[in-house]
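Everything numeric in this text was worked out from a predicted model, so none of it was measured.
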Amino acid sequence: MLRTLALSCCLLSPLAFASTPELRTLTGTLQVVAGGPGDQTDPHVSGPLVAYTNEARGTSEIRYHDLKTFVDAAIPNGGAFDFVSDVSGGTIVFTRVSTSSAIYTFDVGVDSAPRELAPEAGSSRRSAVIGGRTVAWQDFGYTGVTSQPELAVYDLDQGTLTRLTDDTFQDRTPAVSPDGSAIVWAKCDEQGLRCDIWQARRSAHGFTSQALTGSEGEESQPDTNGDIAVYASTRTIEGVTDRDIYWKPLNGGAEQRLALPGMDANPSISGSLIAFERRDPAKNDFDIVLYDVSTQTLYAITETPENESLTDLSMDADGTVRVVWTVSENGDFNVHAFTFRLDDAPGCKLAAVDAPSPEEVCTRPGAWPLLAALEVARTSGQPNGVALGFAGTGDGVLCVDNGYNGQDSTAGWVWINGRELVDPSRFKQGVALVATRAPLDGHNSLAALISGRPGSAFRLRVYAPPTVCQPVADAPTGARVIPGRALKPVSSSSSSVSPVTFVAEGPGRDEALRGCSTGGGPLTLSGVILLLACWLRPRASMRKALRHSERAL
């Protein structure tokens, strides 16, 4: 017994745990922002104000909708073709096509008509975005070549226009932080195939610009909250090519990835929340998904058979969040919104069901979610050990599959949270399953030792009881409750990026930004498993344990 206690202490001391043990929910209301004849698409939101493009009968206009008052109105356009808007506070920017392609601005409740920014005869500008008092757009007039768009930045207060880029590359999809101090965009090669994310930060003397990503993958569709940039990237990891959501601090730091199967794209960020489009392989259509970086929780905002896309979100200082998107319905595109307030209290409770026996759960898990899975195999010498940390609460179940990928084990120990749940007396020749209750307290540690005959092995599985989510007592009538799912991002190392380039502010053609970054660096997965310092298993067994634990979590 004394030997067992000593082993347990050595096992549990180096464990690290997931940071989000609680299951959270979002409680809010869904509403149709625009669902009239024609196509209403490309919504953007700031506070309660939504700006979107309305196309009907060969015309296109920018409309705005107040989610609080439900007032919906059009920006006067005199027959011009207006499209692709953005909004910050009460200011809307958009592209207007008439005899030229120009950028216009409109202050809701102040202006009776929109006004052109930095007027230029025969201008060729598009894709305007705004944050605070800073507007950025693609400008094709600098080069006159449609395959070489540059980026321009306009200060609404100073009335100054700055050429931000000057090279032969394609500068695309700019985004501006809410305070206007940072700009991010995608810079692609001449063919538009290889793309990296770049950033520009405003200082007292102008902008400093730098590549944010290198040769890790093909990045696009960036957005920023002023502290981090979020973007989509296509990369091949462990032989599998996938498109995932990544983010990285503007001031330098580790890149983070949401490792989800299927295609993820078009992220938007506000505060700690990231909204994006997700095509789950199980559904094969696009839904809108929300991820909270601070709590590491994932929420499925939509789960319909329709395709939802072009999402944007805005979070107010009081925690009110509004998510908007476009959905295809009955042959037209419409705009929908979901409004909620962040709530720190978990809203999902353990289901009140007749609990099956541990053996029944291990044999037929059904709705019981798998929280962790791990294998341990016996070699020789000191006992072999494995350990990991995982999140989960409630009266769980531990399953030990004896003889899994080996011979039946005759000696082993299993601990959860320092409590010995399985001892050598439970391992017997011919006993294929050991099942027992496993109390879970949020931040959990799973540890195991195997001794006895070389070649023996067993697998560990931990299940949590199912949960149900119901509206809280003070939820408004018709409120929708969206359960969250704990999801820890994966950290990765980044390849080298370009040095900083200074871009002076002003109306002229400023210093050039030249070249996409090159360089390389391997991706490093940061898993939750920490191997024991007391007993080092053979490398092949380590890799197998890692793969199984990553798949389980």
More than 12 foreign heavy atoms under 6.0 Å from CD of E303: is that the case here? no
Identify the residue among T165, D196, D171 that makes a side-chain hydrogen bond (donor to acceptor under 3.5 Å, both in side chains) with W185. D171
Any idea which heavy atoms bring P222 and A186 closest together, and the distance? CG-N, 4.1 Å
Using the salt bridge (Lys or Arg N to Asp or Glu O under 4.0 Å) criterion, which residues pair with D287? Sequence neighbours excluded. K283
So which heavy atom on S491 is nearest to which on Q256, and how close? OG-NE2, 2.9 Å
Quick check against the 3.5 Å criterion: does D66 have a side-chain atom that pairs as donor or acceptor with the backbone of T69? yes
Rounded to the nearest 0.5 Å, what separates atom OG in S220 from atom CD1 in I197? 6.5 Å
Within the structure provided, determine whether F94 and V84 are in side-chain contact (heavy-atom separation under 4.5 Å). no
P43 side chain near T326 side chain, heavy-atom distance below 4.5 Å: yes
Would you give the length of the straight line joining atom NE2 of H336 to atom CD1 of I288, rounded to the nearest 0.5 angstrom? 11.5 Å
With side chains defined as the heavy atoms from C-beta onward, is the minimum distance between I245 and V230 less than 4.5 Å? yes
Just by modelled atom types, is the A102 backbone N or O under 3.5 Å from a matching donor or acceptor in the S100 side chain? no
Check: R243 main-chain N/O paired with T234 side-chain donor or acceptor under 3.5 Å: no
Between OG1 of T168 and CD of E150, what distance do you get to the nearest 0.5 Å? 8.5 Å
Taking R133 first and then D155, would you say they form a salt bridge - that is, a charged N and a carboxylate O separated by under 4.0 Å? no
Testing the 3.5 Å rule here: is there a donor-acceptor pair between the side chains of E61 and N77? no
Value for CG (D189) from CZ (F169), rounded to nearest 0.5 Å, stands at 7.0 Å
Which atom pair, heavy atoms only, marks the closest approach of G90 to L49? CA-CD2, 4.0 Å
Taking everything shown except N330 itself, do over 12 heavy atoms lie less than 6.0 Å from its CG? no
Cation over ring, R126 on F140, under 6.0 Å and within 45°? yes
Side chain S203, main chain G206, donor-acceptor under 3.5 Å: yes
Work out which heavy atom in A282 is nearest to a heavy atom in D280; give both atom names and the distance. N-OD1, 2.8 Å
Taking it one step at a time, do Q221 and T173 satisfy side chain to side chain donor-acceptor pair (under 3.5 Å)? CA-CA 6 Å; Q221 303 167 321; T173 59; over 6 Å; no
Using distance alone, with no hydrogens and no angle criterion, decide if R235 and S233 have a side-chain donor and acceptor under 3.5 Å apart. yes
Side chains of V153 and T134, heavy atoms from C-beta outward: is any pair under 4.5 Å? yes
Counting only N and O atoms by type, is there a donor-acceptor contact under 3.5 Å from the side chain of D312 to the main-chain atoms of V45? yes
For the atom pair CZ (F340) and OG1 (T25), what is the distance rounded to the nearest 0.5 Å? 10.5 Å
Would R125 and D139 satisfy salt bridge (charged side-chain N to carboxylate O under 4.0 Å, His left out), going step by step from the backbone distance to the final call? CA-CA 5 Å; R125 300 165 174 171; D139 200 318; 3.0 Å; yes
Check whether any side-chain heavy atom of L290 sits under 4.5 Å from a side-chain heavy atom of I301, and report yes or no. yes
Kindly indicate whether the side chain of W198, heavy atoms from C-beta on, has any atom under 4.5 Å from the side chain of V184. no
So, the side chain of S177 versus the backbone of A182: is there a donor-acceptor pair under 3.5 Å, distance only? yes
Kindly write out the residues that satisfy side chain to side chain contact (heavy atoms under 4.5 Å, CB included) with Q31, not counting sequence neighbours, or none if the list is empty. H65, L67, F70, A337, T339
Does any N or O in the side chain of E219 come within less than 3.5 Å of the main-chain N or O of E216, such that one atom is a donor and the other an acceptor? no
Given 3.5 Å as the limit, does a donor-acceptor pair link the side chain of T236 with the main chain of V240, or not? no
Using the six-membered ring of Y291, assess whether NZ or CZ of R485 lies under 6.0 Å from its centre and within 45 degrees of the ring axis. no
If the threshold is 4.0 Å, N to carboxylate O, is there a salt bridge linking D244 and R257? yes
Measure from NZ or CZ of R163 to the centre of the six-membered ring of Y142, then state whether that distance is under 6.0 Å and the direction lies within 45° of the axis. yes
If you take all heavy atoms of S85 and T53, which pair is closest and at what distance? N-OG1, 4.4 Å
Output for pair (L212 CG, K187 NZ), nearest 0.5 Å, gives 13.5 Å
Taking D318's backbone N and O only, do any of them form a donor-acceptor pair with D316's side chain (distance below 3.5 Å, no angle check)? no
Check: S60 side chain, E55 main-chain N or O, donor-acceptor pair, under 3.5 Å: no
Would you mind reporting whether Y299 and V289 have side-chain heavy atoms less than 4.5 Å apart? no
Under the side chain to side chain donor-acceptor pair (under 3.5 Å) criterion, do T295 and T297 qualify, and how do the steps go? CA-CA 5 Å; T295 64; T297 308; 3.0 Å; yes
Evaluate the side chain to side chain donor-acceptor pair (under 3.5 Å) criterion for residues E308 and T304: first the C-alpha distance (whole Å), next the side-chain angles of each, then the deciding distance (0.1 Å), finally the verdict. CA-CA 8 Å; E308 286 92 8; T304 74; 2.5 Å; yes
Report, one line per pair, each donor and acceptor closer than 3.5 Å where one atom sits in a side chain of residues 267-278; sequence neighbours left out.
{"from": "S268", "atom 1": "OG", "to": "T311", "atom 2": "O", "distance (Å)": "3.1"}
{"from": "S270", "atom 1": "OG", "to": "M315", "atom 2": "N", "distance (Å)": "2.9"}
{"from": "S272", "atom 1": "OG", "to": "D292", "atom 2": "OD1", "distance (Å)": "3.2"}
{"from": "E277", "atom 1": "OE2", "to": "N266", "atom 2": "ND2", "distance (Å)": "2.8"}
{"from": "E277", "atom 1": "OE2", "to": "L310", "atom 2": "N", "distance (Å)": "2.6"}
{"from": "R278", "atom 1": "NH1", "to": "P261", "atom 2": "O", "distance (Å)": "2.6"}
{"from": "R278", "atom 1": "NH1", "to": "D264", "atom 2": "OD1", "distance (Å)": "2.9"}
{"from": "R278", "atom 1": "NH2", "to": "P261", "atom 2": "O", "distance (Å)": "2.7"}

Would you say the ring centroid of W325 lies under 6.0 angstrom from that of Y52? no
For residues V135 and L156, determine if any side-chain heavy atom of one lies less than 4.5 Å from a side-chain heavy atom of the other. yes
Tightest non-hydrogen contact, residues P249 and A254, listed as CD-O, 3.5 Å
For the residue pair F81 and F83, is the inter-centroid distance of their aromatic rings smaller than 6.0 Å? yes
So N307 and R279, side chain to side chain donor-acceptor pair (under 3.5 Å) or not? Walk me through it. CA-CA 9 Å; N307 280 307; R279 187 172 67 188; over 6 Å; no
